[in-house]
Amino acid sequence: MKPELAARGDGSLVAIPYDGSFSLLDTLKSGQLFHWESFRFGEFDGYAGCIGGAPPSFIAQLESGAVLTLKGDCERVAGYFGLDHRMEEIHATFPSNDPVLRAAIAYCPGIRIVRQPVWECLATFITSSLKQVTHIRAISMTLRQRYGVAHQFGGRTFYAYPEPAVLAAAGEEALRQCSLGYRAKSLHLAAVAIGAGRIDLNAIEREPSLSRARESLMQLHGVGEKIANCALLFSAGQWGAFPIDVWIERILREHYRKRVKGPKLQQWAVKHFGVNAGYAQQYLFHFARKTL
DNA sequence: AGTCAGGCAACGC
DNA sequence: GCGTTGCCTGAC
């Protein structure tokens with residue numbers, strides 16, 4: 001038993017059961033998560049990172065497909081990576097006569113919609129505006145290292161995403177020093193509003209109505225349709241949310257002959273792809289990035 | 001050197 | 001309602 005793992009059970013790994021197809025690598029690369037780091041645990045190569053304020057979690061996937069995690073983390077990790085999703089039921093809600101979506105699923109069948117803590121998801125996507133993945137990752141890591149709670153794990157240090165009150169106290173200028181540019185203002189204002197309880201993320205997470213939840217988030221400066229939809233899809237279980245970025249717009253234009261934009265395009269997508277449109281979006285997004 | 005990237009808000013019509 | 005423009009920053 002490794003001493004640093006003593007806080008969580010006996011430090012041994014267990015397999016998380018799941019249905020259908022799951023690819024840890026595709027899910028980590030899918031643009032939903034930006035802070036997981038390669039990590040070797042005993043004989044297993046996997047990834048480690050913080051989920052909310054909890055001590056770092058470890059996850060690995062064997063060639064057999066089996067997913068391993070620390071015994072005490074099983075439930076948290078399974079929920080986070082969507083391993084409890086019933087994929088057959090989700091796929092059954094997709095349009096049956098859509099060859100593009102079919103091809104996208106065949107291309108990366110193992111992608112899951114993750115379920116992150118709402119604040120770190122929202123905050124990360126606020127900082128993602130007009131940025132590339134590598135830079136989003138760099139910003140996330142800087143914010144974590146400067147303002148997040150540090151945890152020792154396996155001889156390394158991992159950082160939780162900083163709480164709203166901490167970023168609010170840091171101030172806009174300090175956030176700007178994390179390469180945030182004009183996004184510093186948005187992140188700071190969001191941290192202030194949420195820290196002060198003016199925006200209640202717990203209530204938004206529980207809100208059953210997608211449009212009401214989205215309206216609430218869009219009150220925040222710097223949060224438009226796209227970022228609100230990302231936050232709700234990747235952290236609140238709102239699988240009907242359909243974020244439209246340049247890649248999705250591209251694939252809808254080139255493969256579905258849709259030339260409209262904005263809310264019209266979104267309405268069409270939700271009608272076409274159904275109640276789990278956001279899940280379809282994730283397959284299409286990955287497909288578009290690789291093939292367009 | 002200039003352009004562009006996984007958006008948004010503010011402004012003009 | 002629509003379309004246009006500025007915005008921080010780093011990568012190419």
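Lettering follows sequence order; numbering is per chain, from 1.
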Roughly, in whole Å, what's the span from [atom1] in [X] to [atom2] in [N]?
X	N	atom1	atom2	value
Glu173(A)	dC8(C)	CD	P	11 Å
Leu122(A)	dG7(B)	CG	C1'	14 Å
Arg176(A)	dT9(C)	CZ	C1'	11 Å
Gln266(A)	dG7(B)	CD	P	14 Å

Represent DNA chain B in dot-bracket notation, 5' to 3'. Only Watson-Crick or G-U wobble pairs with both distances under 3.5 Å count; pseudoknot-style crossings use [ ] and interstrand partners use |. .||||.|||||||

Apply the side chain to side chain contact (heavy atoms under 4.5 Å, CB included) test between Ser235(A) and each candidate in Val118(A), Ile113(A), Val114(A); give the one that qualifies.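 For Ser235(A), the side chain to side chain contact (heavy atoms under 4.5 Å, CB included) test succeeds with only one of Val118(A), Ile113(A), Val114(A), which is Val118(A).
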
Checking Tyr279(A) against His85(A): is there a side-chain donor and acceptor pair closer than 3.5 Å? yes

When all nucleic acid strands are considered with a 4.0 Å heavy-atom cut-off, which category describes [X]: base, sugar-phosphate, or nothing?
X	value
Val133(A)	base
Ile139(A)	nothing
Ile227(A)	sugar-phosphate
Gly224(A)	sugar-phosphate

Does Lys185(A) come within less than 4.0 Å of Glu172(A), counting only side-chain N to carboxylate O?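 Judged by the 4.0 Å cut-off on N to carboxylate O distance, Lys185(A) and Glu172(A) do not form a salt bridge.
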
So, does Ser179(A) get its side chain near the phosphate of dG10(C), meaning an N or O under 4.0 Å from OP1 or OP2?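 For dG10(C), OP1/OP2 do have a side-chain N/O of Ser179(A) under 4.0 Å.
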
Taking for each residue the nucleotide of DNA chain C with the nearest heavy atom, is it Lys261(A) or Leu180(A) whose nucleotide lies nearer the 5' end? Lys261(A)

Is the Tyr283(A) ring parallel, tilted or perpendicular to the Phe94(A) ring (thresholds 30°, 60°)? perpendicular

Phe273(A) and Tyr256(A): ring-ring contact (aromatic ring centres under 6.0 Å, His included), yes or no, with the steps? CA-CA 12 Å; Phe273(A) 294 111; Tyr256(A) 292 85; 5.7 Å; yes

Are Phe39(A) and Phe158(A) an aromatic pair, judged by ring center distance below 6.0 Å? yes

Proximity of Trp239(A) and Phe234(A) rings by center, below 6.0 Å: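 They do not qualify: ring centres at least 6.0 Å apart.
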
Report yes or no: do Ile105(A) and Phe242(A) belong to one cluster of Ile/Leu/Val/Met/Phe/Trp/Tyr joined by side chain heavy-atom distances under 4.5 Å?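 Ile105(A) clusters together with Phe242(A).
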
Stretch residues 281-292 of chain A: residues that reach within less than 4.0 Å of DNA chain B through a heavy atom: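 Going residue by residue through residues 281-292 of chain A, the ones with a heavy atom under 4.0 Å of DNA chain B turn out to be Phe285(A), Arg289(A).
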
Show your reasoning for whether ring-ring contact (aromatic ring centres under 6.0 Å, His included) applies to Trp36(A) and Tyr80(A). CA-CA 13 Å; Trp36(A) 289 80; Tyr80(A) 184 89; 5.6 Å; yes

